[in-house]
Protein chains: 4
Amino acid sequence: MNLAKVAVIGASGYSGEELVRLLSRHPQIELVALTSRQVAGQPLSSVYPKFAGTRYAALKFVESSVDAVLASGAEFVFLALPHGVATEFAKPLVAAGLRVLDLSADFRVKDSAVYEEFYGEKHHAPELAAMSVYGSPEIYREQIRNAQLVACPGCYPTSILVPLVPLLRRGLLKPQSIVVSSMSGVSGAGRNAKLDYLFVECNESVRAYSVPKHRHLSEVEQELSIAAGEKVTIDFTPHLIPVNRGIHTTTYCAPSEGIEPWHIENAYQETYGKEPFVRVLSGSALPDTKNVTFTNFLDLAWRHDPRTGRFVLLSAEDNLVKGASGQAIQCLNIMGGWEETMGLL
Amino acid sequence: MNLAKVAVIGASGYSGEELVRLLSRHPQIELVALTSRQVAGQPLSSVYPKFAGTRYAALKFVESSVDAVLASGAEFVFLALPHGVATEFAKPLVAAGLRVLDLSADFRVKDSAVYEEFYGEKHHAPELAAMSVYGSPEIYREQIRNAQLVACPGCYPTSILVPLVPLLRRGLLKPQSIVVSSMSGVSGAGRNAKLDYLFVECNESVRAYSVPKHRHLSEVEQELSIAAGEKVTIDFTPHLIPVNRGIHTTTYCAPSEGIEPWHIENAYQETYGKEPFVRVLSGSALPDTKNVTFTNFLDLAWRHDPRTGRFVLLSAEDNLVKGASGQAIQCLNIMGGWEETMGLL
Amino acid sequence: MNLAKVAVIGASGYSGEELVRLLSRHPQIELVALTSRQVAGQPLSSVYPKFAGTRYAALKFVESSVDAVLASGAEFVFLALPHGVATEFAKPLVAAGLRVLDLSADFRVKDSAVYEEFYGEKHHAPELAAMSVYGSPEIYREQIRNAQLVACPGCYPTSILVPLVPLLRRGLLKPQSIVVSSMSGVSGAGRNAKLDYLFVECNESVRAYSVPKHRHLSEVEQELSIAAGEKVTIDFTPHLIPVNRGIHTTTYCAPSEGIEPWHIENAYQETYGKEPFVRVLSGSALPDTKNVTFTNFLDLAWRHDPRTGRFVLLSAEDNLVKGASGQAIQCLNIMGGWEETMGLL
Amino acid sequence: MNLAKVAVIGASGYSGEELVRLLSRHPQIELVALTSRQVAGQPLSSVYPKFAGTRYAALKFVESSVDAVLASGAEFVFLALPHGVATEFAKPLVAAGLRVLDLSADFRVKDSAVYEEFYGEKHHAPELAAMSVYGSPEIYREQIRNAQLVACPGCYPTSILVPLVPLLRRGLLKPQSIVVSSMSGVSGAGRNAKLDYLFVECNESVRAYSVPKHRHLSEVEQELSIAAGEKVTIDFTPHLIPVNRGIHTTTYCAPSEGIEPWHIENAYQETYGKEPFVRVLSGSALPDTKNVTFTNFLDLAWRHDPRTGRFVLLSAEDNLVKGASGQAIQCLNIMGGWEETMGLL
């Protein structure tokens, strides 16, 4: 069996680590290069003791360089780098014909002005942003298949878009009524030694942050607007809660005139009835992050509130899996022409 | 110094335990009776080892009976009982002239029909509900002073009412635009041996519950409606998160025509500028439950979202203190004519 | 490919759930029956929402009965039942020629008198205890291969035996010097609705329990005595800490006369150098449960304290995987003649 | 009432914060100066939002300097500084006649050679180490009363010394048999932005560290040796567990010839029967950190293991209170001639 060659650039954060964990079990690929500025020269198992005794334990990190990646023979390259830095690697790799899956924010936003508004710096490769496909299989499966550059979504957006996009596409909601409240585990803040993310500062604590303009709004509103066919602006409040993994999102929205609960149910059944990783819960069940952590599933439920007329949409995912690395591998499977669930169940 | 005599009925749950912890430090009162069906006969310190060596360690629980309370000479009685049961004690105690602070839901809702709608059973003492004062010092300080029966708020309502009431009273908001998302620590579920609240089921988990009609909506909407001078119906979603203590509430609302951010700030400064337990945060600070747990403070911040025009109100409290037992003692201090912060700082 | 048929009896606890999770990914077996008294008739995915969308989501639980298991055609049967109850199933299943892997304590202790001393009840199948093999692959790999009844170890014993057995076998330690201090996650207490295991009672808490005579001492001392060739009695204190999964064990022991640190290192290298699931850490690394949770690895390190002359042995495992279900599947792989790591990496 | 003037030097860590929290409630003292290099000029409430609305909210941090402390008129000074730095302040403050309570390690170890062995640097004020009193009220109450310099114990030592000292003083134990296993909450690691103490690295993790020679052994063995009247060397393994606060220590030891369980019980009753902050548990109760966190109590229990002949001693304390700041205030109360429990119950 011919294994596809894969490289991971910048594997020293939590998303990079999770990519490696999931790729280790993937039967169709071979990891040929791991790069990292900080730990070049060390084998995977000494950087992450948890990988000792597993498939790639002895694989050594190399310096993050385009040449190293090209030399490795990789066909697919994951970029798990800070935003801004990803562009430096994506440009030459794309030019060299490799297929790139970028986990940073660099290519998610099509409109450079919006990127600059939310990220506070100029975009350095608008032509790549233009050619990239937003890596949401439920929305862009067909485009992902032949994409050369996939811009994998941020951790919150998937939990917001999966519930909303099918409803907006069908015109079931008043777009300006949308309010989103999310809670995320601390791994979402990355592996950075900052006081705010110390155990003692997070444990027995809940707090909102980035109110009212979190960066992920840029990609979320872009995709909601496309789905609605009009400009959509929403309120979104992320909260940090003391779990390692997991995002729970609760969305409030008002129906368009004449829309009944069964329209919602129909829309979800039509859209997600056969999706391998979106589970629409039935009966009294509500999403619970503990049912989705360490998996690529997104759980979804909805309720109608007859007292206010609004709908409440609830979703849960693992921020590192369906919210980052797992979904990126789901894209890889589509790009590689493999079973979409390969290595992910 | 003449100490006021106080009894606590049903002290075996988390609110009861917290009442005892706080009353132990109160310089103006003397705890004369603790009752509990399950642990009658045992001293406080064997039921709660944490109280060994403290002021009331040797105080023995007695059977929960009206006679026992009357015999104790108590002037003030806290009821920390399940709803329904509280009424059985409140009736004769009020009739006997004692001043009662009830932590259950029995007397919070003035309208018996609403009570029945939300609690699924008939109300057995509407006349007491009518005479009771809702135990929110920030709203009803003057009425609490001479109240004979105080209906202490549920844990969520304070976190919702403190941000909203001053704004609704001044007509600053469109009442039907209000959406509330709250997160609570597990002590809010009470000290009940149920699978759902096992450590393993709550740790590394987040989940919504009671969507879309949590019981606390009955008292919340009653008070919001009074403040607004019209019927207010809101959406409210509570979520369970893995902390022992703490509630964080995020509220979304649209301003009335012509309302500007400075109206909000003014309203809060006027209302809470001198409140001893409401802290309106300034600058970039946002509420964090870790700043309020084990205190009677409620922290409050607000943001204007110019993109959507909405306001986001954020509040944090300790569900067992400002959300239950601490606020009840704040009421006691008002009723007793003592410094309102006594025993609470 | 011919899949081996496997049944799981009593799958409603945490070990049973973990068995199902791991078996779902095992390429060589087919799960043909799941039984449970409480949830018979329901599909796996409604009992455990986390399994929706996975291989056995639709498999229905059946009543726990020997006939049901025989009818399923299972060749291998896992018993995830309370002690005492396991015997009722093991007897007829073994008699019918099936191969049984029991996760309860029923067959771990060879000496019925010891069983009665530690479990407080008569043993009802001493002949089965006699024929069973203790399911520790590192100690009994050859006997497991053809065993008909495997008595899978308790969660603590593996973390104690793996460090000690090779040293005792070589006579490197004074057996009576051994002192063991362990810490376990709360899943070790099982999925039982008891006050002691509520989130609020476990979070922000550490406590010892079953001091000084925990039941697992019976099997631990049996195996240590066999390894040492003499009766070994030890001190063992288990502590409950607020994690879902993971056991960390610290063992203190004095060397026999003339034993040097390199004897210890040699013993471990000889014994575990090629073991697939025991990782002897080198350099300054110490075991951390976060490196082994959700894996079947046991991490092991040791230190010599020249000041006291003692050795300190440190080990970490996932109590539900290497401490229970993962190790049972490792035994299954040996019994089935498959790669020992199958489904476990 | 004349309040005693108190200063806290270096109040930006967890011990300093806890000192301020406890001193805020102390009726006999007035906090006149808070110093900190990093946050000089800011009021307490902006450095620690939790103190807004409390007694010292508006007190401004000043530069850490001896002159500032002298200018404040403080009679008592707490040093909450890193080791090494504390000496720089203690020298001039002691010379100026102030009474100093040092929470660092600088003056705990009398023997400079031992200090250098464990801390890896020369001691710069052996004469102060010589004159200081080790701040354990249960051991040195009388000497603390008139001490000018109190060396407050590290967080682990109190949990080890309180159980052992009375037994060693009476010759009840074989000193060389002592083995100690401790577990500590993460606040013990201080408020330092290091990867190892990030939430994600500590949550769902347990690990030992500093094996086999933690720095606290220097003061522990010094005090055990004094109690035993001979040189005592022990094994001690600290473990980091995911709680904010709390230390649990389990100690194993062999009795001297002829010693029976009742000797132990008698020793504890004689020693601690009237101690305000040491609670010897009775019956089946075992220490649990949740009963002591946020208090100055140390809970203590012991068991005899007739199978091995050893005793198991179990203790629990809050590392920031009885293990640091609370015990320092207990010392202050003794030095000030006040009720020893003042501000601590």
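Chain identifiers are assigned alphabetically (A, B, ...) following the order of the sequence lines, protein sequences preceding nucleic acid strands; residue numbering begins at 1 within each chain. Values below: every heavy atom of this structure, side chains too, minus hydrogens, waters and symmetry copies.
- For the pair C:His248 and C:Ser315, the minimum side-chain heavy-atom distance is 4.5 Å or more.
- Neither the backbone nor the side chain of C:Val186 comes within contact range of chain D; no heavy atoms are under 4.5 Å apart.
- By number of non-hydrogen pairs under 4.5 angstrom with chain C, the leading residue of D:Asp305, D:Asn203, D:Ile241 is D:Asp305.
- The interface of residues 213-226 of chain C with chain D, defined by heavy-atom distances below 4.5 Å, comprises C:Lys213, C:Leu217, C:Glu221.
- Put simply, of C:Val179, C:Leu286, C:Asn291, C:Val292, the one with the most heavy-atom pairs under 4.5 Å next to chain D is C:Val179.
- Considering only heavy-atom pairs separated by less than 4.5 Å from chain C, the leading option among D:Met183, D:Arg303, D:Gln176 is D:Met183.
- Rounding to the nearest 0.5 Å places OG of D:Ser187 at 3.5 Å from CG of D:Asn319.
- Note that D:Arg245 lies in the cation-pi zone of D:Phe294, set by a 6.0 Å cut-off to the ring centre and a 45° limit from the axis.
- Ring pair D:Tyr209/D:Tyr156 is tilted by interplanar angle, where 30° to 60° counts as tilted.
- Options C:Pro242, C:Ala254, C:Gly309 differ in how many heavy-atom pairs under 4.5 Å they form with chain D, and the most are formed by C:Pro242.
- Among C:Val206, C:Leu314, C:Thr233, the residue with the largest count of heavy-atom pairs under 4.5 Å with chain D is C:Val206.
- Of all residues in residues 189-202 of chain C, those placing a non-hydrogen atom less than 4.5 angstrom from a non-hydrogen atom of chain D are C:Val200, C:Glu201.
- With respect to C:Arg310 and D:Asp235, a salt bridge is recorded, a charged nitrogen being found less than 4.0 Å from a carboxylate O.
- Side-chain atoms of C:Phe297 and C:Leu345, non-hydrogen and from C-beta on, do get closer than 4.5 Å to each other.
- Side-chain contact check for D:Glu204 and C:Thr289: no donor-acceptor pair (N or O, by modelled atom type) lies under 3.5 Å.
- Between C:Asp318 and C:Thr295, the side chains place no donor N or O within less than 3.5 Å of an acceptor N or O (distance only, hydrogens not considered).
- At least one side-chain heavy atom of C:Leu173 sits less than 4.5 Å from a side-chain heavy atom of C:Leu164.
- Contact annotation for C:Val211: both backbone and side-chain heavy atoms come within less than 4.5 Å of a heavy atom of chain D.
- The parts of D:Arg307 that come within reach of chain C are both its backbone and its side chain, each placing non-hydrogen atoms under 4.5 angstrom from that chain.
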- Message: Walk me through whether C:His83 and C:Glu121 qualify under side-chain contact (heavy atoms from CB on, under 4.5 Å).
- Response: CA-CA 10 Å; C:His83 74 265; C:Glu121 43 195 90; 3.9 Å; yes

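- Only the side chain of C:His239 comes within contact range of chain D, judged by heavy atoms closer than 4.5 Å.
- Put simply, of C:Leu240, C:Val312, C:Thr250, the one with the most heavy-atom pairs under 4.5 Å next to chain D is C:Thr250.
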- Item | side-chain contact (heavy atoms from CB on, under 4.5 Å) between C:Ile247 and C:Cys155, intermediate numbers included | CA-CA 8 Å; C:Ile247 283 180; C:Cys155 54; 3.7 Å; yes

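- Ranked by heavy-atom pairs shorter than 4.5 Å toward chain C, the options D:Asn244, D:Thr293, D:Ile234 are led by D:Asn244.
- The aromatic rings of D:Tyr268 and D:Trp302 lie tilted to each other, with the angle between the two planes from 30° to 60°.
- In this structure, C:Tyr252 and D:Thr237 have side chains that are in contact, with non-hydrogen atoms separated by less than 4.5 Å.
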- Message: The test is side-chain contact (heavy atoms from CB on, under 4.5 Å); show your working for D:Glu265 and D:Gln269 and say whether it passes.
- Response: CA-CA 6 Å; D:Glu265 186 61 24; D:Gln269 290 309 333; 2.8 Å; yes

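- With respect to chain D, the highest number of heavy-atom pairs below 4.5 Å among C:Ala208, C:Gly185, C:Pro287 belongs to C:Ala208.
- D:Ser205 and C:Asp288 are linked by a side-chain donor-acceptor pair at a separation below 3.5 angstrom, with hydrogens and angles left out of the test.
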